[in-house]
Amino acid sequence: MPLYNVLAAVPVIGSVSSRLLPYYELPEELFSPLVAQKILATALAPPSPIEYPQYTDRTAGIWRYFTPDLWTTGFFPATLYAMHTRAQLCPANSGNETQWLELGRQWSTPEIPLEAKNKVEHDVGFLSYPFVDELAVDSSNETAVTAVNAFAVDLAERYSSIVGCTRSWDTSDPTDFEVIIDNMMNLELFFVSALLTGNDTLRNMAISHATKTMQNHVRSDGSSFHVVEYNGTTGDVVARFTAQGYADNSTWSRGQAWGIYGFANMYKNTQQLDFLDTSRRMAEYFLTNLPPDGIVPWDFNAPLDPPRPADSSAAMIAVNGLILLAHQEMSLAPANTTGAVYYVTSAIQILSNNTQLAWRPEWQSLLANGTVNNPEGNNLTGIVYGDYYFVKAGNELVSMGVASC
């Protein structure tokens, strides 16, 4: 696989310019013209009535489309906003930035009815992604402001002061209060809405939820449970188990990646060091449990025989989580440059190894080898959020000065 050779002189992470990052080899696929070409082809052919790509078939890589009222809907329009950023960073091979913005807005619009009624439960945070992106472009866009605040209200209604968390999944018995590690990613919605409205209750909900997750999801070795069930009446932990991993006591890699990112983001928003330490511990578990080939498995504890499937989406989420963690290390006083370099180096190695495995020029998705839900046999596919985090990783590395396109 051809590779870009990148010498990263750093203003890179933070404002430190005296330290050189190592000589990197980045996958050239990260900035291939195919990235823009494939995403644009999907964007210019929306189904009618509107549906959204979620994952592909396993053989030809053809997108499968689903109703807007699902947790993954926000990722494709957010990818279009990411391509708007890519076109600004890499204008030579990334398309027209105005067109990307128009397409991002077009694909976000069918989400608006979900502000009033949806079935995505806690994952309204993911639905909010393109509207948060729009606010970065136009902070006065009232459609985006309304969407973010409406989704935040929706999420806040799922919060229990007894449990100290937002409920992830609804159950037939309301005393069964289930919280999944994935929910760490939805807490950003609270912070964005709090900034828009001045409602610090949302911020406090996020801190409480993250604190409980830190205490009850994350094991002493930095690994994580997928699901923690609380008693909704007493707030006590009833059970810890998995829904998508190999076993209740195993570590599902995508959940671990959500945790790295989510706790780094919590530190970014609060400067509470226990959140930073939790992200570090989860990152260390992830990195030390990678197999020799660096391919991220669906579950770190799944048996090798039969061969366990990879999950390229978990790999790309982890890459972004490690980059975010590196930024937080550089925000310390004094900056932890050594830690930041370690996390960026690790992120690029994961990115390179897993791109080499999963890049499929002939597929509609950018990457293959994603595992949507292995217990249900849904694996070896392209996944919309895997592609989103692949594009986002490239943008981050260019913005940091670590890569050039």
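Both backbone and side-chain heavy atoms feed into the values below; hydrogens, waters and symmetry mates do not.
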Relative to each other, are the rings of Phe390 and Trp359 parallel, tilted or perpendicular (30° and 60° limits)?
tilted
Could you walk me through whether Arg58 and Asn379 satisfy the side-chain hydrogen bond (donor to acceptor under 3.5 Å, both in side chains) test, starting with their C-alpha distance in whole Å, then the side-chain angles of each, then the deciding distance to 0.1 Å, before giving a yes or no?
CA-CA 8 Å; Arg58 301 173 68 180; Asn379 54 34; 3.0 Å; yes
Answer yes when Arg158 and Asp170 have at least one side-chain N-carboxylate O distance shorter than 4.0 Å, and no when they do not.
yes
Would you mind reporting whether Thr213 and Asn183 have side-chain heavy atoms less than 4.5 Å apart?
no
Distance from Thr72 atom OG1 to Asp123 atom CG, nearest 0.5 Å?
9.0 Å
Within the structure provided, determine whether Leu351 and Met316 are in side-chain contact (heavy-atom separation under 4.5 Å).
yes
Side chains of Glu284 and Tyr342 in contact at under 4.5 Å (non-hydrogen atoms):
yes
Keeping Gln328 on the side-chain end and Leu324 on the backbone end, is there a donor-acceptor pair under 3.5 Å?
yes
How far apart are the closest heavy atoms of Met83 and Ser94, and which atoms are they?
CE-O, 4.0 Å
For Ile350 and Leu287, what are the C-alpha separation, side-chain angles and deciding distance, and is it a side-chain contact (heavy atoms from CB on, under 4.5 Å)?
CA-CA 9 Å; Ile350 293 171; Leu287 295 171; 3.7 Å; yes
Of all heavy-atom pairs between Gly245 and Pro375, which one has the smallest distance, and what is that distance?
O-CG, 3.9 Å
Given 3.5 Å as the limit, does a donor-acceptor pair link the side chain of Arg167 with the main chain of Asp176, or not?
yes
Which pair of non-hydrogen atoms, one from Ala358 and one from Ser312, has the smallest distance, and what is that distance?
CB-CB, 4.0 Å
Parallel, tilted or perpendicular, judged at 30° and 60°: which one describes the rings of Phe151 and Phe131?
tilted
side-chain hydrogen bond (donor to acceptor under 3.5 Å, both in side chains) partner of Thr251, the single match among His226, Arg219, Gln256
Arg219
Looking at Tyr55, I'd like to know if the NZ or CZ of Arg64 sits under 6.0 Å from its six-membered ring centre while staying within 45 degrees of the ring's axis.
no
Using atom types as modelled and distance alone, determine if a side-chain donor or acceptor of Thr381 lies under 3.5 Å from a backbone N or O of Ile383.
no
Quick one: list whatever passes salt bridge (charged side-chain N to carboxylate O under 4.0 Å, His left out) with Asp57, sequence neighbours left out.
none
For His84 and Leu101, which heavy atoms make the closest approach, and how far apart are they?
CD2-CB, 3.8 Å
Main chain of Phe31, side chain of Asn93: is a donor-acceptor contact present, judged purely on distance under 3.5 Å?
yes
Can you tell if the side chain of Leu30 reaches within under 4.5 Å of the side chain of Thr355, non-hydrogen atoms only?
no
Rounded to the nearest 0.5 Å, how far apart are OH of Tyr388 and CG of Leu80?
11.5 Å
Check: Asn320 side chain, Tyr389 main-chain N or O, donor-acceptor pair, under 3.5 Å:
yes
Applying side-chain hydrogen bond (donor to acceptor under 3.5 Å, both in side chains), run through Ser365 and Asp387 and close with a yes or a no.
CA-CA 7 Å; Ser365 62; Asp387 282 6; 4.7 Å; no
Would a distance-only check, ignoring hydrogens and angles, find a side-chain to backbone donor-acceptor pair under 3.5 Å from Ser208 to Asn204?
no
Check ion pair Lys119-Asp69 (N to O, under 4.0 angstrom):
no
Enter the distance from Ile207:CD1 to Lys212:NZ here, rounded to the nearest 0.5 Å.
14.5 Å
Backbone of Glu229 reached by a side-chain donor or acceptor of Glu178 within 3.5 Å
no
Backbone of Met330 reached by a side-chain donor or acceptor of Asn336 within 3.5 Å:
no
Any side-chain heavy atom of His209 sitting closer than 4.5 Å to one from Leu187?
yes
Applying side-chain contact (heavy atoms from CB on, under 4.5 Å), run through Val179 and Val227 and close with a yes or a no.
CA-CA 6 Å; Val179 178; Val227 188; over 6 Å; no
Arg360 meets the salt bridge (charged side-chain N to carboxylate O under 4.0 Å, His left out) criterion, sequence neighbours left out, with none
Apply side-chain contact (heavy atoms from CB on, under 4.5 Å) to Asn141 and Val145, showing your working.
CA-CA 6 Å; Asn141 186 308; Val145 170; 5.9 Å; no
With no hydrogens and no angle check, just 3.5 Å: does a side-chain donor-acceptor pair link Asp154 and Asn118?
yes
Residue pairs involving residues 102-117 (criterion side-chain hydrogen bond (donor to acceptor under 3.5 Å, both in side chains); sequence neighbours excluded)
Arg105-Glu134
Per the ring-ring contact (aromatic ring centres under 6.0 Å, His included) rule, what does the pair list look like for residues 275-296, sequence neighbours excluded?
Tyr285-Phe300, Phe286-Phe300
Go through the steps for Leu322 and Val344 under the test side-chain contact (heavy atoms from CB on, under 4.5 Å), then give the verdict.
CA-CA 7 Å; Leu322 291 167; Val344 173; over 6 Å; no
Val398 versus Ser404: any side-chain heavy-atom pair under 4.5 Å?
no
Determine yes or no for a side-chain-to-main-chain donor-acceptor pair under 3.5 angstrom, with Thr56 supplying the side chain and Gly382 the backbone.
yes
May I ask you to check whether Ser313 and Asp311 show a side-chain donor-acceptor distance below 3.5 Å?
yes
Can you run down the ring-ring contact (aromatic ring centres under 6.0 Å, His included) pairs that involve residues 365-386, sequence neighbours left out, and say none if there aren't any?
Trp71-Tyr385, Phe75-Tyr385
I'd like to know if the side chain of Asn374 and the backbone of Gly377 have a donor-acceptor N/O pair within less than 3.5 Å.
no
Got a second to check how far Asp200's CG is from Met205's CE, nearest 0.5 Å?
11.5 Å
Heavy-atom check, side chain of Phe126 versus side chain of Leu189, under 4.5 Å:
no
Side-chain heavy atoms of Leu196 within contact of Phe191, under 4.5 Å:
no
Matching residue for Val192 among Val132, Thr197, Leu202 - test: side-chain contact (heavy atoms from CB on, under 4.5 Å)
Val132
Heavy atoms only: give me the nearest Asn369-Leu357 pair and the separation to one decimal.
OD1-O, 3.5 Å
So, taking the atom named NE2 in His327 and the one named CG in Asn265, what distance separates them when rounded to the nearest 0.5 Å?
12.0 Å
Identify the two heavy atoms, one from Ala283 and one from Leu325, that lie closest to each other, and give their separation to 0.1 Å.
CB-CD2, 3.9 Å
side-chain hydrogen bond (donor to acceptor under 3.5 Å, both in side chains) evaluation trace for His122 with Thr166:
CA-CA 7 Å; His122 65 292; Thr166 58; over 6 Å; no
What residue pairs, at least two apart or across chains, pass side-chain hydrogen bond (donor to acceptor under 3.5 Å, both in side chains) with a residue in residues 271-280?
Arg280-Glu329
